[in-house]
Amino acid sequence: EYLWAHKTKHIEIARSLLSILPIQTIYNILRYLVDNYWGRYIGWPDMIIYNGNEYFFAEVKASKDKLSEGQKRWIIDNSEILALPFKLVKIHRINKAV
């Protein structure tokens, strides 16, 4: 219960991740978190998008949203340490003339 991972929904999410991500990727993510959990548990992308054997992590932002410091740190760490497939997705409102 200490790390809030004891609820059924969190266990189900973890099991889904184990079925989507390669075992070496799971190991690398866990190693990354164990090395500095309290400095690295925030800032993770909003989603994992997957289709068959392909996946990527996605951070979704509305047109005026900014990345938090934690998100910026995760993006840098991903580039330097994790090397997970990642995309920053910006969503823009389209004004339609009526």
Side-chain angles (χ1 to χ4, degrees):
E1 293 182 20
Y2 180 65
L3 297 177
W4 313 286
H6 64 285
K7 295 182 180 177
T8 302
K9 71 178 186 175
H10 298 138
I11 293 168
E12 290 171 4
I13 291 169
R15 285 187 177 136
S16 294
L17 289 173
L18 289 171
S19 71
I20 295 167
L21 301 175
I23 193 68
Q24 187 60 45
T25 300
I26 298 289
Y27 174 80
N28 293 343
I29 290 170
L30 292 174
R31 179 82 263 158
Y32 171 77
L33 288 169
V34 165
D35 286 346
N36 181 8
Y37 180 77
W38 295 112
R40 295 178 170 171
Y41 79 100
I42 59 171
W44 284 76
D46 297 317
M47 296 184 229
I48 297 177
I49 310 298
Y50 69 98
N51 182 10
N53 292 333
E54 296 182 46
Y55 69 91
F56 64 90
F57 288 74
E59 178 61 38
V60 181
K61 293 289 181 194
S63 57
K64 293 184 181 181
D65 284 347
K66 304 277 189 238
L67 291 169
S68 70
E69 291 305 312
Q71 290 166 331
K72 290 175 187 176
R73 186 222 13 92
W74 186 90
I75 292 169
I76 291 167
D77 284 356
N78 184 53
S79 175
E80 296 175 354
I81 301 168
L82 291 167
L84 298 167
F86 170 75
K87 295 181 183 187
L88 178 59
V89 180
K90 284 289 246 183
I91 299 175
H92 300 280
R93 175 177 283 174
I94 298 174
N95 292 328
K96 293 183 180 182
V98 180

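Position 1 is the first residue of the sequence, and the numbers go up from there.
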Is there a path of hydrophobic side-chain contacts, each under 4.5 Å between heavy atoms of I/L/V/M/F/W/Y residues, joining [Y] to [X]?
{"X": "Leu18", "Y": "Ile13", "value": "yes"}
{"X": "Leu82", "Y": "Met47", "value": "no"}
{"X": "Trp74", "Y": "Tyr41", "value": "yes"}
{"X": "Ile42", "Y": "Tyr37", "value": "yes"}
{"X": "Val60", "Y": "Ile49", "value": "yes"}

- Item | salt bridge (Lys or Arg N to Asp or Glu O under 4.0 Å) partner of Glu69, chosen from Arg73, Lys66, Lys72 |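 Running salt bridge (Lys or Arg N to Asp or Glu O under 4.0 Å) over Arg73, Lys66, Lys72 with Glu69 returns exactly one hit, Lys72.
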- Message: Taking CG in Asp35 as the centre, count heavy atoms belonging to other residues, nucleotides or ligands within less than 6.0 Å. Is the count above 12?
- Response: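 Check passes, neighbour count above 12.
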- Message: Tell me if the CG atom of Asn36 is crowded by more than 12 foreign heavy atoms within 6.0 Å.
- Response: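 Yes, enclosed.
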- Query: When you check the gap from the basic side-chain N to the acidic O, do Arg15 and Glu12 get nearer than 4.0 Å?
  - Reply: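 Salt bridge absent between Arg15 and Glu12.
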Within-4.5 Å side-chain heavy-atom neighbours: [X] and [Y]:
{"X": "Ile29", "Y": "Trp44", "result": "yes"}
{"X": "Tyr55", "Y": "Pro22", "result": "yes"}
{"X": "Arg40", "Y": "Ile81", "result": "yes"}

- Query: Would you say the side-chain atoms of Glu54 pair up with the backbone N or O of Asn51, donor to acceptor, closer than 3.5 Å?
  - Reply: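 No, because the side chain of Glu54 does not come within donor-acceptor range (under 3.5 Å) of the backbone of Asn51.
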- Query: If only atom types and distance count, is the side chain of Asn78 paired as donor or acceptor with the main-chain N or O of Leu84 below 3.5 Å?
  - Reply: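 Indeed, once roles are kept as given, a pair shorter than 3.5 Å links the two residues.
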- Item | Nearest heavy-atom neighbours spanning Pro45 and Ala58 |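 Taking every non-hydrogen atom into account, CB-O, 3.4 Å.
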- Item | Heavy-atom closest contact (Leu21 atom, Ile48 atom, distance) |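 Smallest heavy-atom distance, with atoms named: CD1-CD1, 4.5 Å.
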Mind listing the side-chain donor-acceptor pairs of residues 86-94 below 3.5 Å, one per line with the distance, residues two or more places apart or on another chain?
{"residue": "Lys90", "atom": "NZ", "partner": "Ala62", "partner atom": "O", "Å": "3.3"}
{"residue": "Lys90", "atom": "NZ", "partner": "Ser63", "partner atom": "O", "Å": "3.2"}
{"residue": "Lys90", "atom": "NZ", "partner": "Asp65", "partner atom": "O", "Å": "3.3"}

- Message: Rounded at 0.5 Å granularity, tell me how far CD1 in Ile75 sits from CD in Gln71.
- Response: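 So the gap between those two atoms works out to 7.0 Å.
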